[in-house]
**Q** 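Pasting a structure here, questions to come.
Values in this document were obtained by computation on a predicted structure and should not be read as measured data. Atoms considered below: every heavy atom in the structure, side chains included; atoms not considered: hydrogens, waters and symmetry mates. Note on naming: letters A, B, ... go to the chains in the order of the sequence lines (proteins, then strands), and numbering restarts at 1 for each one.
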2 protein chains.
Amino acid sequence: MATLSDVAAEAGVSPTAVSRYLNNRIELPQATRDRIDAAIAKLDYRPNLLARRLSTGKAEAISLVTPDIANPFFAELAAAVERQAHERGYAVYISSTQGHADNEIDAIRRMADSHVDGLILTTNRVDDGTRAALLADRGNVVLLDEDIPGVSVPRIFVENEAGSYAATRHLIDMGHADIALIGGPPRLMSVTERLAGFSRAMEEAGLPIRPGWVLLGDYTREHGAAATSILLDSPSRPTAILACSDYIALGVGQAVRRQGLSIPEDLSLVGFDDMAFAELVHPALTTIRQPVGEMGRLAVTYLLALLEGQTPAPPPETRLPVELIARQSVAPPRHKAIS
Amino acid sequence: MATLSDVAAEAGVSPTAVSRYLNNRIELPQATRDRIDAAIAKLDYRPNLLARRLSTGKAEAISLVTPDIANPFFAELAAAVERQAHERGYAVYISSTQGHADNEIDAIRRMADSHVDGLILTTNRVDDGTRAALLADRGNVVLLDEDIPGVSVPRIFVENEAGSYAATRHLIDMGHADIALIGGPPRLMSVTERLAGFSRAMEEAGLPIRPGWVLLGDYTREHGAAATSILLDSPSRPTAILACSDYIALGVGQAVRRQGLSIPEDLSLVGFDDMAFAELVHPALTTIRQPVGEMGRLAVTYLLALLEGQTPAPPPETRLPVELIARQSVAPPRHKAIS
DNA sequence: TATCGTTAGTAAAGCGCTTTACATGATGAT
DNA sequence: ATCATCATGTAAAGCGCTTTACTAACGATA
């Protein structure tokens, strides 16, 4: 690999001149420029980014930390982040933590080690304080999708409460009164909020939330299936389930089929996320769409604003709207007519 | 951030001593070790990876280049690669090229710039020679899933030919004779091979491949739908379609529904890949499963063997077996009884 | 002619680490 | 007492780049 000095020697100037020329920090006469350009071409020179980073302290790269890149929701988020970052001339390093807090901590460290300029962090685990401590007062982090309480960095979330409110209303409007909720990890912001929206809609409609009909656990198919089995095995079954994620909804569908029942005839189902597969499953899943592309785009925009010290500074918290996508997994309950 | 020199000063030794101690390149008496350890703890020192890399020329990181991280097939591949690489102490940088050859070239360059030690490359575009030229004679690249002809690096592919042979046989065994194939980009290795397996099975069974019934295009839903419409609009329709990817199969399903027909009653369908959604769509998709986890694992193993100059060197080409997963998208053709 | 301002650069330090080659003092053998 | 050896380190160069501060040469101006 040719180095800057090689180029300088070839062009008959000092390395300084070449460096400054390449960074537009000097005006050179055409003749000199031509000689340098020729030398670069001849030697096939490309700057060593590592050296440049070490020297400048800037990486022109950001890192996206995600729980699981094989999860379509995060994969799509990643694609959106990449698109926007590349547009702004930044490279993106994606790492997926497989649910291990250690990996998340590693990624945060790596950033602190000036590996990248900033970090977009998505998580799906409740913080025990470690990550909050690591992130506190950093000027180069944006939290996306899920909160880590006690960290004062820009945050981008969706209207979780409004989303599950709309989902619940949709079920109620269809005539359902016996509605259960299957959610993710307790104390996780999205879960708390989605539960709140559910509760508000139920209360407004004068409907009770039955004891044992709010089953929090994990954002997984397995939890969805297990919780559904519990619900279906109990003496009084719900006529509808609000799943706090499409993954959970998938598990619900599985368990329902295993019992020989079918959606939406025997049970109505609403998901959350609108992952790509939601319209492909049978029956197509009614769900709450998160604006994944916009979330990724905005996260990058905010992060770069932070990094480049622009005005206006990003707001401390932004909520993106969600949207009810009505498909085929919801129908009126069997034993009740639509009003 | 504390530096090595800070630690050395704090511990009352030279930076050399600290560096060598941290890299196990020196034996120090317990007392000195303790002082250094204490200094590191006190200053919360962590080595600057950039500096280390610049100095050693080793990055302890590899890069995975993928056409589209939002594609579940590549997302799962990425997850597998990450898992294995982390196990071996390497970081993984994923970049997705969004189908742009430029981005692929960038990624290759970045590696050459000693950003990472090696590269696992997956592609889905036919090479025009540029990438082959860039990769020629590199000792730190592994090709995964799809070939770039003329590059002599280790390659990991699946048994494409055997896969679509099995798929076609499965259709023939069910009584189908009128089978069409919808494939990806012409001249892409996987497409050529899958077409070959299809042809072999048809020939063996004495079945003709009708003109116009092999529709190559893209590994996309859109192509699947468009090709299917053409097939369904023609006077003589196939009774079964072999789609060269699950994405294509999705498009087939869409087009079939649009015509008011249904799978498998009116048309049988086999996909390729067994992406996560394959068992979730309606009807559940019969498809050829690729061993994604094993592919990712092996790619990392081969790459690290290359990097660390181990024996045995990885074989030039490895083929992983695929497996027919029979689900509900295949049934006997309407007008024919099963023999 | 002395001064000033430009133009066209350059020397050298520094980013934080590794590594090679060498140094110092204590110990043991002769 | 002397020499070799070992244990315990250290000095300094170098990875490839940026950047600050400086300068040589030249023409224009007072």
**Q** Spell out, as yes or no, whether a donor-acceptor pair under 3.5 Å connects the side chain of A/R155 to the backbone of A/L143.
**A**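 No, A/R155 side chain to A/L143 backbone: no donor-acceptor pair under 3.5 Å.
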
**Q** Would you please say whether a donor-acceptor pair under 3.5 Å links the side chains of B/Y21 and B/T32?
**A**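 On atom types as modelled, these side chains do not qualify, holding no pair under 3.5 Å.
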
**Q** What is the nucleic acid contact for A/P15, judged by heavy atoms within less than 4.0 Å: base, sugar-phosphate only, or nothing?
**A**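 Nothing, no nucleic acid heavy atom in range.
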
**Q** State whether B/E60 and B/K58 are salt-bridged, where the test is any N-O pair (Lys NZ or Arg NE/NH1/NH2 against Asp/Glu carboxylate O) under 4.0 Å.
**A** no

**Q** Keeping the roles fixed (side chain from B/S19, backbone from B/P15), state whether a donor-acceptor pair exists under 3.5 Å.
**A**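 Checked: no pair found.
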
**Q** Is the shortest side-chain N/O distance from B/T32 to OP1 or OP2 of D/dG9 below 4.0 Å?
**A** yes

**Q** Any side-chain donor-acceptor pair under 3.5 Å between A/R125 and A/T97?
**A** no

**Q** Rounded to whole Å, how long is the line connecting atom OH of A/Y45 with atom P of D/dG16?
**A**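 Whole-Å distance recorded here is 10 Å.
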
**Q** Just the rounded figure in Å: distance from P of D/dG16 to CG of A/L43.
**A**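 That distance rounds to 14 Å.
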
**Q** Once you round it to whole Å, what is the distance between C1' of D/dC22 and CD1 of A/I26?
**A**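 For the pair A/I26 CD1 and D/dC22 C1', the rounded distance is 13 Å.
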
**Q** Counting neighbours of CZ on B/R187 that are heavy atoms of other residues, nucleotides or ligands and sit closer than 6.0 Å, is the number greater than 12?
**A**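 Not buried by this count: 12 neighbours or fewer within 6.0 Å.
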
**Q** With the side chain counted from C-beta on, respond yes when A/T122 and A/E146 share a heavy-atom pair under 4.5 Å apart, and no when they do not.
**A**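 Heavy-atom side-chain distance check fails, nothing below 4.5 Å.
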
**Q** Check each residue of residues 49-63 of chain A for a non-hydrogen atom within less than 4.0 Å of any atom in DNA chain D, then write out the ones that pass by number, or none.
**A** A/A51, A/R52, A/S55, A/T56

**Q** In this structure, how many angstroms lie between the P atom of D/dC15 and the CG atom of A/D6, rounded?
**A** 10 Å

**Q** Atom CZ of B/R46 and atom P of C/dG16: how far apart are they, to the nearest Å?
**A** 14 Å

**Q** Counting side-chain heavy atoms from C-beta on, which of D/dT10, C/dC17, C/dG9 comes nearest to B/N48?
**A**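 Selected nucleotide: C/dC17.
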
**Q** Rounded to the Å, how far apart are B/E27 CD and D/dT5 P?
**A** 21 Å

**Q** Between atom CZ in A/R33 and atom P in C/dG9, what is the gap in whole Å?
**A** 11 Å

**Q** What contact category does B/S19 fall into here, base, sugar-phosphate, or nothing, at under 4.0 angstrom with non-hydrogen atoms?
**A** base

**Q** For B/L4 and D/dT10, what is the distance between atoms CG and C1' respectively, to the nearest whole Å?
**A**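 Rounding to the nearest Å, CG of B/L4 and C1' of D/dT10 are 13 Å apart.
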
**Q** Look at the rings of A/Y93 and A/H115 and say which category their plane angle falls in: under 30° parallel, 30 to 60° tilted, over 60° perpendicular.
**A** perpendicular

**Q** Heavy atoms under 4.0 Å, any strand shown: does B/Y21 hit a base, just sugar-phosphate, or nothing?
**A** nothing

**Q** Do A/I120 and A/V81 come close enough that some side-chain heavy atom pair is under 4.5 Å?
**A** yes

**Q** Can you give me the N/O atom pairs linking the protein to nucleotides 21-27 of chain C at distances under 3.5 Å, or say none if there are none?
**A**
| residue | atom | partner | partner atom | Å |
| --- | --- | --- | --- | --- |
| C/dA21 | N6 | B/R20 | NH1 | 3.3 |

